[in-house]
Amino acid sequence: MGRHFSTKFITGLTLAAALCASALSAPASAASLKMAWKQDATGLDPHKQTAFSSIRLLELIYEPLVRFDKDLQIVPAVASSWEFAPDAKQITFKLDPKAKFQDGKPVTSADVKASFERLLDEKTAAAARANFLSIASIEAPDPQAVIFKLSQPDVPLLTAMASINAAIVPAAEITAGTVGTKALGSGPFKLDKWEPNSKETLSANKDWAGGKVGVDGIDISVLPDETAILAALRTKQVDFALINDPLVATLIPNEKSLVLNRTPVLAYHVLQLNPSRKPMDNLAVRQAISCAVDRQDVLDTASVGEGKVTGPLTMPGYTADASTLPCYKKDLTKAKKLMADAGFGSGFSATVIAANGEPATAAAEAQVLQSQLAEIGIKLDIKMMELNVYVDAWLKGDFDMAVALNGGRADPYSMYNRYFTKTGNLQKVSNYIDDTLDSLMQKGRVETDPAKRKTIFADFEKHLVEVSPWIWLYTSYSYTAQQKNVQGFQPTPEGSLFGLSKVSLN
Amino acid sequence: MTYLAKRLLTFPLVMLGVSILVFVAIRMVPGDAITAMLGTEAGLLTPAQRQALAAYFGIDQPILVQYGHWLLGVFKGDLGISVIHGKPVLGIILERFPLTLELALLSMMIAILVGLPAGIFAATRTEKLSDLGVRIIAMIGQSTPNFVTGLLLIYALSAGFGILPTMGEFTPLTVDPLKNLGQMILPAITLGFAFAASVARISRSAMLDVLSEDYVRTARSRGAPKRWVIWRHALPNALIPVVTISGVEFGYLLGGAVLVEQIFALPGLGRLVLEAILQRDYALVQGCVLFIAFNFMVVNLLVDLAYVALDPRIRLGEGS
């Protein structure tokens, strides 16, 4: 008996010692920020990568000409100033003379010209090229000046240039063909090591033109389960983490040592109808669906109330009071009448597609919508798909309805021209266009007066909700969680982590 | 020896079959490497851009040509290049395999050290309270999904005691054994619990069968001590189904314990293959599956050879 006890005791002691040794192991550097996220970047080429997870990493390493601040105002990055010509057909940028790449070489107009030419070259296969098609030519009259000549007025072009997809990379790296294999930018951090889907090590760029970086570096771990991320925060293995699941985020405030940063974002949760298929081709049916959906209930049930009911425009400066939009108050009587008028008084059956875990609330949203639409006789069959399979079906427009989380943009034109203009690249996905929408989008594109643009896009939004090709539901939050000793992080509505450049550890 | 040679000769044929299956299956799934990289933004590509990307990912050729190129490489020991990692597939697999192998061995150790004695204990106390206890625990172990056990362990340790193994990285046993054990013990317990439950149930039922055999009764009637009868006479014969189940489970574990590796953020083979599938990294998926299939065949062969060692009456390869 005694021997059994001592064997158990020694085994237990070894287990505890091993766990403690592992748990208490020292960080790589006292002033390095230990960070965790669920999804890793899928590549290092800033012109090609479009995944949210890749952008979050690349915006720490690379810089575009301009960037957004926390209020989505355009502020300098590699360029220190810029000016539109009065006819909005030319933009001139002056580069920051202090801007340097991480190898110490200055950022010049030749690098800017080469970067945009690479982006526009079809062989590069940059999806973001679609946002820059108005660029007719690029001139570099001196090392600090770049002139973009446009084929037509394009006011939203400047906001497109704030994306990391328009990052400035060294012309020499483009010539050598090493963009994407070697991460060399002018941003606040240098990438020292990348083990895909496992970890990244970044060190502060001492020459960064934006000022002193507050930490020595960032050690990022990929922890694919957010419950494990929460556990790592609890045990102080991690200083800072990106959280996607609102259910996990709502647990953070229960932990005394942790702080939750919660920022409204531009991305929107939406039920996309397919107006090319019967009976969604019928306006009354689409409007009936809009009237039957209780958006607040979807938000409360699927996302524990973490968000805000929205119309199509989610960006500051353009957002309307959602309650003033048509059918934003659930009205079953009106919905049933519309269904009867359309000849579907007894309802119909349809399939709704949703991606597993993308977003985390997708399945729950589909279920709530299923029960709400059953009230007007619509029998929804939910088809959950792996993300890539879902994307394939979505791009082909191969669905009756789709639950989606679509990315937002700071400018309404950039956000919706792909879906709701006659030449939109994703017309096949929205399957809806009319003359009013197209004409309002074209007017908004060339209008330079902010007040007039606001009116144009307010009309666009109202018309879009009236014709209801999609049912806009809500915008949610981006979440980051941090230890209390992490100071100075500034979140933004795009969910950017660029604010880590000013973070310090006390 | 002839049997061994015959079995070894089937290896290339099975591998060829597996390679065709995985090559076709991964390409039949909707979505490709382009949509995996760009998501819905892939819709913004022009046909020329799509063509350029297809050439980059090596999916612009007819499937037969792609397969031919890849197979030729495999014969030369080159499993291709992973587009996500930008490195040779074989190198990535060999980097990840030690973790998976260690996890599988530790889990099996736990399973054998806990499951086998528990099964024998229960078999010798059949229909008593202690037998019932073992059976209930084994039932719980078998029916509780790995991810539930893993998450409960993580929650209990982090919320209750404020400790947790270092996650997101792997320290090899040879570098720092204590840290390595700290990282591996919880995942190994998580996997070992269910594994031990299977071993306990199988060994209990096998032991009960053997204990009712004539030769055991004879041994007992000759006055052999109970322990001697169990350990010397009954156990070797009861071990055959235990070896079978352990071999199968071990083979699965060598393919990576996907859920457990996900929860504990262990960079093992299971996570590697899962990520490769999600990101449509075709060369990596093909290489991983081929490697896993090879391991499985080796384990199966070792299990068959173990039968002979355990029961000399078994003669492999002599008729059916």
Side-chain angles (χ1 to χ4, degrees), chain A residues 14-25 36 40 42-43 48-51 122-131 181 195-199 220-225 227-228 230-232 234-237 385-395 404 406-407 418 425-426 428-429, chain B residues 29-32 34-46 48-53 56 82-86 147 150-151 154-155 157-159 162-171 176 178-186 261-265 267 271-272 275 277-280:
Chain A
T14 312
L15 175 65
L19 279 173
C20 288
S22 166
L24 303 175
S25 55
D40 200 12
T42 54
K48 284 187 187 171
Q49 294 299 320
T50 55
E122 282 194 292
K123 288 195 194 102
T124 308
R129 175 181 176 270
N131 301 323
T181 52
E195 288 176 28
N197 300 317
S198 182
K199 61 181 175 184
I220 306 175
S221 296
V222 182
L223 305 184
D225 187 274
T227 318
L230 177 60
R234 258 190 213 126
T235 53
K236 298 192 166 39
Q237 269 190 35
M385 297 170 158
E386 184 251 336
L387 179 63
N388 219 343
V389 177
Y390 170 89
V391 168
D392 191 64
W394 189 89
L395 285 171
N406 292 344
R418 55 182 64 187
N425 311 65
L426 297 180
K428 207 173 176 179
V429 178
Chain B
V29 180
D32 56 21
I34 300 173
T35 49
M37 180 174 99
L38 298 176
T40 54
E41 297 287 300
L44 302 183
L45 295 174
T46 63
Q49 285 181 306
R50 183 163 263 282
Q51 180 60 32
L53 271 183
Y56 172 76
S82 153
V83 284
I84 300 294
H85 293 254
F147 66 90
L151 287 176
I154 288 179
Y155 179 76
L157 282 171
S158 69
I163 56 168
L164 197 69
T166 312
M167 294 204 286
E169 60 176 296
F170 173 61
T171 311
D176 185 342
L178 200 60
K179 194 171 175 189
N180 173 277
L181 190 62
Q183 286 178 334
M184 300 298 277
I185 196 75
L186 286 186
E261 287 178 11
Q262 282 284 100
I263 291 167
F264 290 96
R271 235 179 103 194
L272 184 71
E275 282 149 5
I277 293 169
L278 294 178
Q279 296 177 339
R280 302 290 191 270

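In the text below, chain A, chain B and the rest are named by the order of the sequence lines, each starting its count at 1.
When atom types are taken as modelled, the side chain of B:Gln49 and the backbone of A:Thr124 share no donor-acceptor pair closer than 3.5 angstrom. When atom types are taken as modelled, the side chain of B:Gln262 and the backbone of A:Pro224 share no donor-acceptor pair closer than 3.5 angstrom.
At a 4.5 Å heavy-atom cutoff, the contact between B:Asp32 and chain A is made by backbone atoms alone. With a threshold of 4.5 angstrom between heavy atoms, B:Leu272 does not approach chain A through any atom at all. Proximity to chain B involves both the backbone and the side chain of A:Glu122, based on heavy atoms less than 4.5 angstrom apart. Of the two parts of B:Leu45, only the side chain, counted from C-beta on, holds a non-hydrogen atom closer than 4.5 Å to a non-hydrogen atom of chain A. For a residue to count as touching a neighbouring chain, one of its non-hydrogen atoms must lie under 4.5 Å from one of that chain's; by this rule B:Leu151 touches chain A with the side chain only. Contact of A:Leu223 with chain B is made through backbone and side chain together, with heavy-atom distances under 4.5 Å. Proximity to chain B (any heavy atom under 4.5 Å) is shown, for A:Lys428, by neither the backbone nor the side chain. Of the atoms belonging to A:Ala130, it is side-chain heavy atoms, and not backbone ones, that fall under 4.5 Å from chain B.
Shown here are the side chain to side chain contact (heavy atoms under 4.5 Å, CB included) partners of B:Ala36, two or more places apart in sequence or in another chain: A:Asn388, B:Arg280. For the salt bridge (Lys or Arg N to Asp or Glu O under 4.0 Å) test, no residue two or more places apart in sequence or in another chain qualifies with A:Asp225.
Between chain B and the options A:Ser221, A:Ala231, A:Ala393, heavy-atom pairs under 4.5 Å are most frequent for A:Ala231. Heavy-atom pairs under 4.5 Å with chain B peak, among A:Val222, A:Thr50, A:Asn197, A:Leu387, at A:Asn197.
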For A:Arg418 and B:Glu41, what are the C-alpha separation, side-chain angles and deciding distance, and is it a side chain to side chain contact (heavy atoms under 4.5 Å, CB included)?
CA-CA 10 Å; A:Arg418 55 182 64 187; B:Glu41 297 287 300; 2.6 Å; yes
